[in-house]
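Notes to accompany the following structure.
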Amino acid sequence: MKQLIAGNWKMNASLAGSETLVRSVLDGLKTAPVCDVAVCVPAPYLAAAQRWLAGQGAVHLGAQDVSQHASGAYTGEVSADMLREFGVRYAIVGHSERRQYHGEDDAAVAVKAQRALAAGITPIVCVGETLAERDGGHTEEVVRRQLAAVVHLNGHCITEIVVAYEPVWAIGTGKTATPEQAQQVHAVLRKQLEAASAHADRIPLLYGGSMNAANAASLLAQPDINGGLVGGAALKAADFLAIVAAAR
Ligand code: PGA
């Protein structure tokens, strides 16, 4: 399977800065990358980003969240169908920052994945343990519980999802899981997906958490790591391009 490198810009960059970043990434990809590439931009920039990305096939557009509701009186929410209108190909769901600051639980994340799938958008389902959970020996139990909710609701089309393992203690901290630590969890997730589908080998498992130009190659070389969800390093074109270049 092709690896996937997805930039998660979070709530960063002005509109002008975003355009510069997208254009620099596109310039750097004059020769088509061997992996899939996506940029998950802030929602207000989706229309502009769709224009910047028009007419090329190397970089896909992604959103950082999607509403669990189809439509209606949900002030501030953005539906999967709305995202689809802007050519959105991927939507991050269940990022730890959404779970932590916006109270999203496993059930809500599963419904978000379902909404995205129904709109033809690939959900990038994030799972990951906190430092306390890791120190308490609960890493596997936590990520399995988080993924199980999504599998339970979306079992029939589970091969259409992407999973991102993002240990919370590694996000934005400069502390990366070692390739071995990440691979260990990825193997657990792969096994769980294999129990749900005979084609689980088609589901990309991304690693996220302080991935950068220096550590990407060793992480991406692990057998069950099929790409990266990149935060901070996705805000600098050169760093993001170096990670794309390290992917297969
Ligand atoms: P980071 O963020 O690369 O800045 O650690 C990754 C993420 O939160 O998706």
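Values reported hereafter were calculated over all heavy atoms of this structure, with side chains retained and with hydrogens, waters and symmetry mates removed. Remember, it's 1-based here, ligands and their atoms both numbered in the order they're listed. Starting from 1, each residue takes its place in the sequence as its number.
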Q: Have a look at ligand 1 and work out which part of Ser96, if any, has a heavy atom under 4.0 Å from it: side chain, backbone, both or neither.
A: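 Looking at Ser96 and ligand 1, no heavy atom falls under 4.0 Å.
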Q | ligand 1 versus Ile171: contacting region, heavy-atom distance under 4.0 Å | A | both
Q) Below 4.5 Å, heavy atoms only, C-beta onward: do Leu189 and Arg144 meet side chain to side chain? A)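 Of all side-chain heavy-atom pairs linking Arg144 with Leu189, none is under 4.5 Å.
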Q.
Quiz question: by atom type and distance under 3.5 Å, do the side chains of His138 and Glu129 form a donor-acceptor pair?
A. no
Q) Strictly by modelled atom types, are His186 and Gln183 linked by a side-chain donor-acceptor pair under 3.5 Å? A)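 No, because no side-chain N or O of His186 sits under 3.5 Å from a partner of the opposite role on Gln183.
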Taking [atom] as the reference point, the nearest protein heavy atom with its distance:
{"atom": "atom 9 (O) of ligand 1", "value": "Glu166 OE2, 2.7 Å"}
{"atom": "atom 3 (O) of ligand 1", "value": "Gly231 N, 2.9 Å"}
{"atom": "atom 4 (O) of ligand 1", "value": "Gly232 N, 2.8 Å"}

Proximal ligand 1 atoms for [X], defined as those under 4.0 Å from one of its heavy atoms:
{"X": "His95", "answer": "7 (C), 8 (O), 9 (O)"}
{"X": "Leu229", "answer": "6 (C), 9 (O)"}
{"X": "Lys10", "answer": "2 (O), 7 (C), 8 (O)"}
{"X": "Gly172", "answer": "1 (P), 4 (O), 5 (O)"}
{"X": "Gly209", "answer": "5 (O)"}
{"X": "Ala170", "answer": "5 (O)"}

[X] atom [atom1], neighbour heavy-atom count above 12 within 6.0 Å:
{"X": "Gln50", "atom1": "CD", "value": "yes"}
{"X": "Glu19", "atom1": "CD", "value": "yes"}
{"X": "His152", "atom1": "NE2", "value": "no"}

Q) Where do Glu97 and Lys10 land on the side-chain contact (heavy atoms from CB on, under 4.5 Å) test, with the steps shown first? A) CA-CA 10 Å; Glu97 288 150 15; Lys10 310 192 180 185; 2.8 Å; yes
Q. Can you find an N/O atom of Gly208 closer than 3.5 Å to an N/O atom of ligand 1?
A. no
Q | Sub-3.5 Å N/O-N/O distance, Thr173 and ligand 1 | A | no
Q) Any Lys/Arg nitrogen of Arg190 or Glu194 sitting under 4.0 Å from an Asp/Glu carboxylate oxygen of the other? A)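 The answer is no: the pair does not qualify as a salt bridge.
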Q. Do Arg98 and Asp65 sit within salt-bridge range, that is, some charged N less than 4.0 Å from a carboxylate O?
A.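 Between Asp65 and Arg98 there is a salt bridge, with a charged N closer than 4.0 Å to a carboxylate O.
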Q.
Just to check, does Ser210 reach to within less than 4.0 Å of ligand 1 when the distance is taken from its heavy atoms?
A. yes
Q. Under a heavy-atom criterion of less than 4.0 Å, does Ala233 contact ligand 1?
A. no
